[in-house]
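What follows is a single structure, written as structure tokens, with notes after it.
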Number of protein chains: 2
Amino acid sequence: MKASVNDVAERAGVSVSTVSRAFTRPELVSERTRKKVLQVADELNFSVSRSAVALKRGQTFRIALLAGGHIDWFSARILEGLNSVLHDTGYDFSIYAITHDEERARFFEQLPVRRNADAIIVSSFNLSPDETDRLHAMGIPIVGINAVSPGEFDASISIDDTAAIQILVRHLVALGHRRIAYLYEEAISPLRFSSHQRVTGFTQLCDELDGVTGTAIAVRHGDDCANVAVTTLLSQPNPPTAICVHQDSWAIPLFFRLPRYGIRIPDDLSVTGFDDSDFAEEVGLTTVRQLPRDMAATAARMALDLINGRTPEHRHITAPVQLMLRSSTAAPRA
Amino acid sequence: MKASVNDVAERAGVSVSTVSRAFTRPELVSERTRKKVLQVADELNFSVSRSAVALKRGQTFRIALLAGGHIDWFSARILEGLNSVLHDTGYDFSIYAITHDEERARFFEQLPVRRNADAIIVSSFNLSPDETDRLHAMGIPIVGINAVSPGEFDASISIDDTAAIQILVRHLVALGHRRIAYLYEEAISPLRFSSHQRVTGFTQLCDELDGVTGTAIAVRHGDDCANVAVTTLLSQPNPPTAICVHQDSWAIPLFFRLPRYGIRIPDDLSVTGFDDSDFAEEVGLTTVRQLPRDMAATAARMALDLINGRTPEHRHITAPVQLMLRSSTAAPRA
DNA sequence: CTGTTAGCGCCTTCAA
DNA sequence: TTGAAGGCGCTAACAG
């Protein structure tokens, strides 16, 4: 059932090293021998054992992925992108799904990755200096995706969250909006997610722009975004005329529930999202597109470079974003 | 940087076997020795190399996951569920993302999993007898999730697709609907996805029920579900009063676009989904809930049992579904 | 171009 | 309770 190089060697009448070479460096083996070996290998259902290669070469052929515990639209794209590059090079994934702060603490304390991954990819996490140090102590390359860290990653690719949110703000201001709200996720832990930069980017630009009032409103985890939105709209005489939400999926409740309470989009309220995820086009949501699948593929290539001792052409990349204009934004009514 | 059992042994003044035992069978080592070893291991940043253990034990500590190339809501839950059980037992994932038919053919021809996974988990695939045979030839346990196969899996967990769709039909019929349409995904290859059973289940029950007309309509991959729906409604004098769609996400376009053309849900048309995925509650979609995360966790436990030579308590499990009544279904208007 | 051999890091008899 | 030694399957010198 399980043939090894020895079995193949014996049956093909060659030595084990020839078998090994026939697979790893075919150019060193004569055409005829190689064909013979490959044929026998096939007959015997042989294929190279990654564990053995790993042991011999001192690699693990495993990539650790540190990401949020819930695989949302973004994380799913990240996995797809990583896999599209890494799978064919023989790499598998160790998925460290971090849901709670305790898990996070445990991860950084125990570093279970030690000696069991060739690289670690950090997605959408902000790391503290301490955490970055711990990671580096493992002695393997660390690649960040949308992960800002005071320390340095060996490589990284991220969108410019600040610039991205400001594009949306400028779009709204150009339409004539002067009172804008931003609904963001109240972080469970202070350093949780890198996208928190959007909040500060939003606030800053609104402050700078003459006559523009920007209000950042925290949505507690588990709270309903629509309730928060309506509360905001009803709690002041001059409510915002536009609401930016942290990510596209938050806009769904707004689209469905606001009209029932007499608030039409975009007539009474403009709404913007973030991500350009699956249904954004469907519902006509103005948003900022990022391409996490592509970002992850790039991150994977950089990781491979670093693992193999090559220097990636670029080590720190800013990924492009694009404003997607749709029907959820319009000029405010007089 | 990379300490091995030898380093730990030397520094702790014991033999390598003692170090090994301190980790794998602590009960065989005296309290004092064990503490000493663990302490030194910590100082040296030691942790057991999975590659070496794998080689020694003849396992791989990898699980192959065969699934669709796009990680949708369902696949993401599957990954979460598998990882929740398998991660802590030292298992990583080899993700075989099958997008095209050629990829599928290549997979079954080359069987790259050979000797590089301890089990294979097949999610949402229908396998041909040939494919099942090929899989079995690898000599590792095969566990199916929502995967129906003429051959046998070593273990499986699936919902009853036929029963599930029929619950929805009966719900609609009880409300008074007599003309019902079912929008299903036209399979790219005849054996593609197991959920095709829903179509036959739908058609069968409608045929059986007196006075009920069921129409199954194929939606081509990439086609817009809303266009298909409106076409259906306008192409006959007595159009359906209810539409069942293949999965929740297809309902989103209906909710958004139908009202613009004067079709209100549920007043003019009842709509049902399938899955109870994230936004279903938000938009008030009547649907059937399945719990893929739980199913995957169960599948993972069965896989572990089979890998370790244990017999799972149940080998073939039918997972529960539940009708989720919401506001997208109502009695048809006279 | 091909064969021989040592050893990657660990576990597991077997012996003490 | 601990130690010594072989070998899991493969690759990379080194030798021929």
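In what follows, every chain begins at residue 1, and chains take the letters A, B, ... in the order their sequences are listed.
Of the candidate nucleotides dA13(D), dC10(D), dG9(C), dG9(C) has the atom nearest to the side chain of S4(B). Closest contact between the side chain of S49(A) and the listed nucleotides dA4(D), dG9(C), dC10(D) involves dC10(D). Checked against dC10(D), dT12(C), dC10(C), the side chain of V53(B) finds its nearest nucleotide in dC10(C). The listed nucleotides are dG9(D), dC10(D), dC11(C); the one nearest the side chain of L55(B) is dG9(D).
Salt-bridge formation is detected for the pair E31(A)/R34(A): a Lys NZ or Arg NE/NH1/NH2 atom is positioned less than 4.0 Å from an Asp or Glu carboxylate oxygen. Of the charged side-chain nitrogens involved, none lies within less than 4.0 Å of a carboxylate oxygen, so that R106(B) and E103(B) do not count as a salt-bridged pair. Using a 4.0 Å cut-off between charged nitrogen and carboxylate oxygen, E27(B) and R21(B) do not count as a salt-bridge pair.
Nucleotide dC10(D) holds its P atom 17 Å from the CZ atom of R25(A), rounded to whole Å. Computed from coordinates, the R32(A) CZ to dC1(C) C1' distance equals 12 Å when rounded to whole Å. Separating the CZ atom of F61(B) from the P atom of dC8(D) is a distance of 18 Å, rounded to the nearest angstrom. The CZ-P distance, from R57(B) to dG6(D), rounds to 22 Å in whole Å. Spacing between atom CD of Q59(A) and atom P of dC8(C) amounts to 17 Å, rounded to whole angstrom units. Between the CD atom of E27(A) and the P atom of dC1(C) there is a distance of 10 Å, rounded to whole Å. Put simply, CZ on R34(B) is 10 Å from P on dT2(D), counting in whole angstrom units. When rounded to the nearest whole Å, the span between CG of L28(B) and P of dC14(C) equals 16 Å.
Looking only at atom types and distance, the side chain of D92(B) has a donor-acceptor partner in the side chain of S94(A) under 3.5 Å away. A donor atom on one side chain and an acceptor atom on the other are found under 3.5 Å apart for T60(B) and D118(B). Side-chain contact annotation: S15(A) with T18(A), donor-acceptor N/O pair under 3.5 Å present.
Counting non-hydrogen atoms under 4.0 angstrom, T33(A) reaches the backbone sugars and phosphates but no base. In this structure, T18(A) reaches the sugar-phosphate backbone alone: every heavy-atom distance under 4.0 Å involves primed, P, OP1 or OP2 atoms, never a base. Residue contacts for F23(B): at a heavy-atom cut-off of 4.0 Å it reaches no nucleic acid atom on any strand shown. Counting non-hydrogen atoms under 4.0 angstrom, V19(A) reaches nothing in the nucleic acid. As judged by a 4.0 angstrom heavy-atom cut-off over every strand, S51(A) is placed among residues making no nucleic acid contact.
Looking at R21(A), its side chain comes within 3.5 Å of the base of dG3(C) through a donor and an acceptor atom. Contact of R50(B) with dG9(C) (side chain to base): no donor-acceptor pair of N or O atoms is detected under 3.5 Å.
Each of S30(B) and K56(B) lies near DNA chain D, and the nucleotide nearest S30(B) is the one positioned closer to the 5' end.
Residue S20(A) has a polar side-chain atom (N or O) positioned under 4.0 Å from OP1 or OP2 of dT11(D).
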